[in-house]
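Note that the structure is predicted; figures quoted are calculated from it, not measured. Note on naming: letters A, B, ... go to the chains in the order of the sequence lines (proteins, then strands), and numbering restarts at 1 for each one.
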Amino acid sequence: MATVRTRFAPSPTGYLHLGGLRTALYTYLYAKQNAGSFVLRIEDTDQERYVEGAVDAIYRSMRLAGLNWDEGPDIGGDYGPYVQSERKGMYLPYAQQLVEMGKAYYCFCTEARLKGLRAEYEARGETFKYDKHCANLSKEEVQARIAAGEPYVIRQNLPEQGEASFDDALFGHIAVDVSTLDDMILIKSDGMPTYNFANVIDDHTMGITHVMRGSEYLSSTPKYNLLYEAFGWEKPVYIHLSPIMANATRKLSKRYGDPSFEDLMNQGYLKDAIVNYIALLGWNPGDEREYFTLDELTQAFSLKGLSKSPAVFDMMKLRHFNFEYVQKMNTQEFEQAILPWISTVIDPARFDTHRLAELLQPRCEVLSELAERLGFLNEMPEYDLELFFNKRMKTNRETALPVLEALYPLLEQSPVWSEQALHDAVMDYVAQQGCKNGFVLWPLRIAISGWENTPAGAFEIAGLLGREETLRRLRTSMDRLKA
RNA sequence: GGCCCCUUGGUCAAGCGGUUAAGACAUCGCCCUUUCACGGCGGUAACAGGAGUUCGAGUCUCCUAGGGGUCACCA
């Protein structure tokens, strides 16, 4: 059996969106799993839609995701070039060969004529189909008009009737009546091939054995097959993938503000979490496993696990995956990861960021959401004294004052300022008073944090703030309670 | 509209003729607890509808409905 060669062939029209990422991922996994090659090809035959920087963005995203290609524009390979615009000269001979065989023809129809034709069809309520107006021009006439510099395209010459079909590894046999098909353009008037043509030529000349792509190509693949048959080429295995949806009726799309892979990274999601979650949208391993590294995915991936129906992207589940991946980091890694995020609200030099990382990690779902939870550290917030009221702790502003007044000297006199020392001192007091922990700890935490909810308890906060700042805040709070 | 495809809880999904119809996320409740979280335990919740085939159908067939895709000198 021939070596597996797969390809991911994005158009450089923008960032790598999640659907593209998933297609690239599956394509990569399949190649790696079969010890094959994963090829990256840039399909830039539409000069109008080309976006500056898009190619680099695609490289960046794929490398970040770990989807390293074996052949591609930037690293070369035996089947180059890997950018379609650089292959421009390769397509015309194949198209001409098709013309020789009567499977294609030159067409000189103007845009105006086509437009009129379209209007006619529309008026009749029919689907537009090119009328083969140029299909029977004589060879001489064609030569003459080309020589005269008349612009032309080359169209596929479809049979009047019959069936075109192919077999998809996922969807099975797909057949359409050719009478419903249009003589598609193979070579555009600018000399560039259309996707329809380039994809067939390139997949064949690059030795691609398995084609994975979005299901939007499902209904046009039968006519690509006619091309393979005309050339007598072996067809690749087709695997069409259902889309990732934003909701039941809408595909995930940049246009509606749905995030790209890079957007998610910028929002504080971890690449491994994203890749892992995306892998599970439309594929399942057949067992209970949910967490996979790229290598594990390579082992586990199977065409059998692919789903035919569309999958809705669920941000909540991604959050959960991110949480799990955050938990897998060691503290050092996590500390490094959060520094850029938390630095926007606190001065890292003022706090023990290692300890902060320890405290934050078990309650961190998304990195970007950390900063907003630390505001109280930098500066004592102007808080409402009603925060001292807590029904379950049986505390209020009246009970808080005496407790704080008793605690203050204990803390002040603590020989060392550590969480443990503070804990022991305060808990001794609690034991002595015979009250509930919360009766003392609630007001303490409020008094030094000023926030109803904090990502740490009273001792941790006091430790982070340091002796001076803690005592200063305590005094401020007591003064306010007295007033 | 024609053609193609899809249809199990809110979401991802297992299931491949016989199950009390898994699991995960979300949600709800309880426990733990110095707040928020984490964690533990438990609950609610699904075979789109209708005909067939069969002793037996989520699993097979057909119809209907809903949804998606496609009908470009875009990919």
Give one of base, sugar-phosphate or nothing for [X], where a contact means two heavy atoms less than 4.0 Å apart.
X: A/Gly457; result: base
X: A/Cys107; result: nothing
X: A/Glu288; result: base
X: A/Phe128; result: sugar-phosphate
X: A/Phe323; result: sugar-phosphate
X: A/Ala175; result: sugar-phosphate
X: A/Thr454; result: base
X: A/Met393; result: sugar-phosphate
X: A/Arg373; result: base
X: A/Thr45; result: sugar-phosphate
X: A/Ala311; result: sugar-phosphate
X: A/Val153; result: base
X: A/Gly214; result: nothing
X: A/Ile185; result: base

Quick one: [X] [atom1] to [N] [atom2], roughly how many Å, whole number?
X: A/Ile42; N: B/C74; atom1: CD1; atom2: P; answer: 19 Å
X: A/Asn196; N: B/C74; atom1: CG; atom2: P; answer: 10 Å
X: A/Tyr325; N: B/C38; atom1: OH; atom2: C1'; answer: 19 Å
X: A/Asn322; N: B/C38; atom1: CG; atom2: P; answer: 14 Å
X: A/Met184; N: B/C3; atom1: CE; atom2: P; answer: 21 Å
X: A/Leu241; N: B/G68; atom1: CG; atom2: C1'; answer: 15 Å
X: A/Ile461; N: B/C36; atom1: CD1; atom2: P; answer: 13 Å
X: A/Glu216; N: B/G69; atom1: CD; atom2: P; answer: 9 Å

Check whether the side chain of [X] and the base of [N] form a donor-acceptor pair under 3.5 Å.
X: A/Lys317; N: B/A26; value: no
X: A/Arg445; N: B/U34; value: no
X: A/Thr127; N: B/G1; value: yes
X: A/Ser189; N: B/C73; value: yes

Lys/Arg-Asp/Glu bridge criterion (N-O < 4.0 Å) met for [X], [Y]:
X: A/Arg250; Y: A/Asp258; value: yes
X: A/Asp203; Y: A/Arg41; value: yes
X: A/Glu419; Y: A/Arg355; value: yes
X: A/Arg289; Y: A/Asp287; value: yes
X: A/Asp131; Y: A/Arg113; value: yes
X: A/Arg473; Y: A/Glu469; value: yes

Does the side chain of [X] get closer than 4.0 angstrom to OP1 or OP2 of [N] through an N or O atom?
X: A/Asn284; N: B/A14; result: yes
X: A/Lys129; N: B/G2; result: no
X: A/Asn437; N: B/U34; result: yes
X: A/Arg118; N: B/C73; result: yes

Among the nucleotides [options], which one has an atom lying closest to any side-chain atom of [X]?
X: A/Lys188; options: B/A75, B/A72, B/C12; result: B/A75
X: A/Ile174; options: B/G69, B/C74, B/C5; result: B/C5
X: A/Leu218; options: B/A13, B/U34, B/C5; result: B/C5
X: A/Arg49; options: B/C74, B/G39, B/G67; result: B/C74
X: A/Ser307; options: B/C73, B/U34, B/A13; result: B/A13
X: A/Ser309; options: B/U7, B/A75, B/A26; result: B/U7
X: A/Asp314; options: B/G23, B/U34, B/C25; result: B/C25
X: A/Pro243; options: B/A75, B/A24, B/G68; result: B/G68

Please report the distance separating the [atom1] of [N] from the corresponding atom of [M], rounded so that it comes out in whole Å.
N: B/A13; M: B/G52; atom1: P; result: 33 Å
N: B/C3; M: B/G58; atom1: P; result: 31 Å
N: B/A65; M: B/A72; atom1: C1'; result: 31 Å
N: B/C4; M: B/A46; atom1: C1'; result: 28 Å
N: B/U61; M: B/C73; atom1: P; result: 38 Å
N: B/A45; M: B/G23; atom1: C1'; result: 15 Å
N: B/G9; M: B/A22; atom1: C1'; result: 13 Å
N: B/C25; M: B/C41; atom1: P; result: 12 Å

Taking atom CD of A/Glu379 as the centre, report whether more than 12 heavy atoms of other residues, nucleotides or ligands fall under 6.0 Å from it.
-> no
Residue whose nearest RNA chain B nucleotide is more 5′ - A/Tyr195 or A/His320 | A/His320
Closest nucleotide of RNA chain B for A/Phe171 versus for A/Glu452: which of these residues is on the 5' side?
-> A/Phe171
Look through every strand shown and name the nucleotide pairing with [N] as Watson-Crick or G-U wobble, where both distances are under 3.5 Å.
N: B/C71; result: B/G1
N: B/U11; result: B/A24
N: B/A51; result: B/U61
N: B/U33; result: none

Output the distance between atom CD (A/Gln327) and atom CD (A/Gln361), rounded to the nearest 0.5 Å.
-> 5.5 Å
Shortest non-hydrogen pair, A/Ile42 vs A/Pro73, comes out as CG1-CG, 3.7 Å
By side-chain contact (heavy atoms from CB on, under 4.5 Å), A/Val99 pairs with (sequence neighbours left out) A/Ala104, A/Tyr106, A/Ile154
